[in-house]
Amino acid sequence: MQHFPIYLDLADARVAIAGNGAFALAKLRLLARTPARITLFAPAPEADLESAAADFNVALVRHEAGAAHLAQVRLAYAAHGDAVADARFARLARAAGALVNVVDNLEASDYITPAIVDRAPVTVAIGTEGAAPVLARAIKTDLEDRLPQGVGPLARAGKLFRPRAELLPQGRRRRDFWADYYFRTGPQVLAEAGEELLDHALHALLEQHLNPGDEPGRVDLVGAGPGDPDLMTLKARRLLDAADVVIHDRLVPQAILDLARREALFVPVGKQGFGPSTPQDDINAAMIAHAQAGARVVRLKGGDASVFARLDEETDALSAAGIAWAVTPGITAASAAAAAIGRSLTRRGRNADLRLMTAHDMQGYAEHDWQTLAMPGAVAAVYMGKKAARFLQGRLMMHGAAPTTPVTLVENAARPDQRIIASRLDRLAADAAQLTGPAILLFGLGPARAEVHLPQLIEDLA
Ligand code: SAH
């Protein structure tokens, strides 16, 4: 740690920025968020810079800085983008006792400005000592996404409430209280009622947490996406993180379950193709029992919660039992499969509608409007289609679909073992017989580029 991160109080401090153009403007914008008294030295300021200086009420001096101008400056930014001008300014500022940053010049700088996530009073500074600015920016973007915009006001109100929160025993219960405040109740109150009501909400929330028996349980029905944890929504991740009980489909991979707290109770349920399955009534009963015991239940489903996922059966049962529930959407397998083959599911002039269909239902094979599906340009994403491939092929050919119609099989979409098989209607049954994992049949679509299947390639070479 050659560069030591600290937080410097800039209330009433003098800061000088010398230079022009984008460099100076970027520093000006950043420093304008502090209470510093800023002087900008720019002999011929560009229009953007000049108007920013006016907007931020910054003293604009239209000549280069001289020694006399730099007395009592704490921080000085050399932002000319010109080595000679920067060096001259740096020398003068240092002589006046200021710490100097020469923009984009690590060696010539006394300090460097980190990438900053600003939710004041909460700020995160990210530095790589000049090693990897791209990495710093990526970390920043990631944190920006994770820290809700309201974190600043939330933290201000939370800080004042800390002594009262000590009524809760230290450890899990106090942590849960703060997590509830920062990630659920707080943001909600902030959005719906405003900052003034946060204190009131904190008191009410504390009451609830002091009497946990009174807190009603609830069920969130959450789409986990196709299997890649990166393809989950932020909301899904937060809900998972707060869950006491996770009732999950067998399709949901371990990497996603690992995002829940380790102490959470995991209940695997659901159907596995034509294999063993948990009766729907048992799933409903489990959700209801845990919610009635006061647990936060996440009912985690593969893909999207509303696509071939028996959502209505479950929410009807919850409503009948008087349990609060909400649905969080996820990326459905058809979207993941389309992304895998680089094709759009709809296209002007080709198909103005798209079917999400399954080729078998509870009664067996499912009948469809084969006539329209068999027309040129039709596109359908077929779920649970492995075993029904032969049936599909027969019905579509019988209704006049071209034997050469492209069908792409995407197995384990968005997972490490993803496999793409570019097939055609007349070869569909044979190709589908190779599938072993969950797969989507994209009827009417061929892959945008030829897939190189690595394990197969290695096998072929050997
Ligand atoms: N709710 C889920 C679908 C559940 S039905 C969703 O929105 O995706 C189960 C079927 O979804 C599987 O038989 C398979 O056809 C498809 N499926 C789910 N995950 C998949 C994946 N990662 N790759 C390919 N198909 C998948």
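All values reported here derive from a predicted model rather than from experimental measurement. The figures here come from the full heavy-atom set of this structure, side chains too, leaving out hydrogens, waters and symmetry mates. For the single chain, residues carry numbers from 1 onward in sequence order. Just so you know, ligand 1 is whichever comes first in the structure, and atom 1 is the first atom listed for that ligand.
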Of the choices G223, G302, G385, A340, which has the non-hydrogen atom that lies closest to atom 2 (C) of ligand 1?
G302

With a cut-off of 4.0 Å, which atoms of ligand 1 are near a heavy atom of N412?
22 (N), 23 (N), 24 (C)

Within the 4.0 Å heavy-atom shell around L251, which atoms of ligand 1 are there?
9 (C), 18 (C)

With a 6.0 Å cut-off on ring centres, are Y111 and Y77 close enough?
yes

T332 heavy atoms within 4.0 Å reach ligand 1 at atoms 6 (C), 7 (O), 8 (O)

N105 side chain near E107 side chain, heavy-atom distance below 4.5 Å
yes

For the pair D180 and R296, find out whether any cationic side-chain nitrogen is under 4.0 Å from an anionic carboxylate oxygen.
yes

How about R355 and T372: does a side-chain donor come under 3.5 Å of a side-chain acceptor?
yes

Check: V410 main-chain N/O paired with R419 side-chain donor or acceptor under 3.5 Å
no

For ligand 1, which atoms sit closer than 4.0 Å to a heavy atom of P226?
22 (N)

May I ask whether R415 has any heavy atom positioned less than 4.0 angstrom from an atom of ligand 1?
yes

Distance under 4.0 Å to a non-hydrogen atom of A333: what atoms of ligand 1 satisfy this?
6 (C), 7 (O), 8 (O), 16 (C), 17 (N), 18 (C), 19 (N), 20 (C), 25 (N), 26 (C)

Flag the pair R137 and E144 as a salt bridge only when some basic side-chain nitrogen lies within less than 4.0 angstrom of an acidic carboxylate oxygen.
no

Reported CG-to-CG distance for the pair L239 and L221, which is rounded to 0.5 angstrom
10.5 Å

I need the atoms of ligand 1 closer than 4.0 Å to a non-hydrogen atom of Y383, numbered in the order shown.
3 (C), 6 (C), 8 (O), 11 (O), 15 (O), 16 (C)

Atom indices of ligand 1, in the order listed, that fall short of 4.0 Å to a heavy atom of P438
23 (N), 24 (C), 25 (N), 26 (C)

Checking contacts here: is it the side chain or the backbone of A439 that comes within 4.0 Å of ligand 1, counting heavy atoms only? Could be both or neither.
backbone

Proximity of V410 to ligand 1 by residue part, where a heavy atom lies under 4.0 Å
backbone

